[in-house]
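FYI, side chains are in, hydrogens and waters are out, and symmetry mates aren't considered; it's all heavy atoms of this structure. Chain A is the first sequence line, chain B the second, and so forth, proteins listed ahead of strands; every chain is numbered from 1.
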Amino acid sequence: MSDRVPVLKIGRVLLVSIQQDLEDQMVMDLQDDLSRRIVDTGAKGVVIDISALEIVDSFVGRMLADNASVSRLLGAETIVVGMRPAVAMTLVELGLSLKGVRTALNLERGLKLLRRLGTDPA
Amino acid sequence: MKCGNGGTSTPALKVRAGRQIEILGEDDVAIESSTRLLAEKLTAERETFLSQWVRTIGEDLQGRLSMAELGRELGELYEAILQALGTGGLDGRGERYGEVRSLLIELSRNRARQGFTPTETARSVFALKEVLEPSLTGDQEGARAYLQFARLLDDLGLLTTEAYVRTREEIISSQAEQLLELSTPVVKLWDGVVGVPLVGTLDSARTQVVMEKLLQTLVDSDSTQAIIDITGVPTVDTQVAQHLLKTVVAARMMGAQCTISGIRPQIAQTIVALGIEFGDIPTNASLADALRQAVAEVAKESENDARGLL
């Protein structure tokens, strides 16, 4: 069985910190876990920290975009934080622009952005 | 049929091979005697030849290189050639001429750096022919030796040109690299605002460097606003626009807002005429406007933060 990415709850925000390169199965598990947790906890915001990721392929890129759409349907804002410059450049070269996904430079700014959007991460 | 063919061709081949060996042997003997003759001549009249050589080239270079320096260089070269001749052989690409070749490459490098022409560099070698001509072409044996030596010098002359060109290319590529570094500074304009004043044409290589530097600076300085100023970009075609868009999208994916400023009237018209879509990317006519907006944006963010704290 492959590892799962932990989904942590802080107040009304779910924090997903991806610490290792993702295999396809992990990506799909994460998508399942996250949507279930949003419904269970009634979270209003999701922060996905990818600062440890050195490689983001098109599959993971699409997962990020899909997650944002799914969370929005469930009433939560998703913010992807900590993308590395090299990763951003790779995604651009792949033709992905993560339209519709909110981003922030780091976790702190991501939480601030959520607060500004009206989802108080108390 | 096959058997017959094989049978007739084998003796013919043998004969030819035998003849070849004989000819080669003659050549070897000839080269050996020429080499000996050359080595004797060069040793006997070392002072005369060397001073004449130095003088000929000195006249060519017209004092752009000191005579002492020239004398030292050519002296070393002369000794190396003499030594190679002493061990036998006239093959300029052979092992025995390794020392000569490295000296020549060094000489060509220096000439290229000092701004001499390839002709002047190659002449350093060819001038030795002129020096030797009068004293060798008297009799038949000497003439043959001279011709063989001339062939060797031709080879060495070509080598200098090759080394010269290689040095020039090294200089050019290192300058291009420096230019790339110089032309893409990322500056901090305000707290949370960084700017890139672009000067010159944008190609993929430069875009890559600009993008890399800009994104890294965003992370390092924790800035949320970036301004790319294209006042210094002479023309914007679809390619350049594409590169700019990529940079903006990459910055946005990292969570920063990227503005393009410094679009001159002419450029704006070209962009519209070419049908380039900048989409929802914020653009400004002047850097000042872009900066004002960016600062306002940063202020709004921090105001919100402050309210959050209370």
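- When all heavy atoms of B:Met253 and A:Thr103 are compared, the closest pair comes out as O-CG2, 2.9 Å.
- Counting heavy-atom pairs closer than 4.5 Å to chain A, the top-ranked of the candidates B:Asp222, B:Val219, B:Thr247 is B:Asp222.
- Counted within 6.0 Å of CD on B:Glu69, heavy atoms from surrounding residues, nucleotides or ligands total more than 12; the atom is thus considered enclosed.
- What you find for B:Ala250 and A:Ala88 is that their closest heavy atoms are O-CB, 3.7 Å.
- Looking at heavy atoms from C-beta onward, A:Arg116 lies in side-chain contact with B:Glu301 at the 4.5 angstrom threshold.
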| said: Test side chain to side chain contact (heavy atoms under 4.5 Å, CB included) on B:Gln208 and A:Met89; report intermediate values, then the result. | reply: CA-CA 9 Å; B:Gln208 194 74 15; A:Met89 287 193 287; 4.0 Å; yes
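- No donor-acceptor pair closer than 3.5 Å links the side chain of B:Thr224 to the backbone N or O of A:Leu105.
- With a 4.5 angstrom heavy-atom cutoff, A:Leu96 touches chain B only via backbone atoms.
- Contacts between A:Glu93 and chain B at a heavy-atom distance below 4.5 Å involve the side chain alone, from C-beta outward.
- Of the atoms belonging to B:Ser223, it is backbone heavy atoms, and not side-chain ones, that fall under 4.5 Å from chain A.
- Two residues are said to be in side-chain contact when any heavy atoms from C-beta on lie closer than 4.5 Å; B:Met254 and A:Pro85 meet this criterion.
- Here CG of B:Leu215 is found 13.5 Å from CZ of A:Arg84. Values are rounded to the nearest 0.5 Å.
- Summarising the local packing, CZ of A:Arg102 is surrounded by 12 or fewer heavy atoms from other residues, nucleotides or ligands at distances under 6.0 Å.
- Within the 3.5 Å criterion, the main-chain N or O of A:Ser97 finds no donor-acceptor partner in the side chain of B:Arg252.
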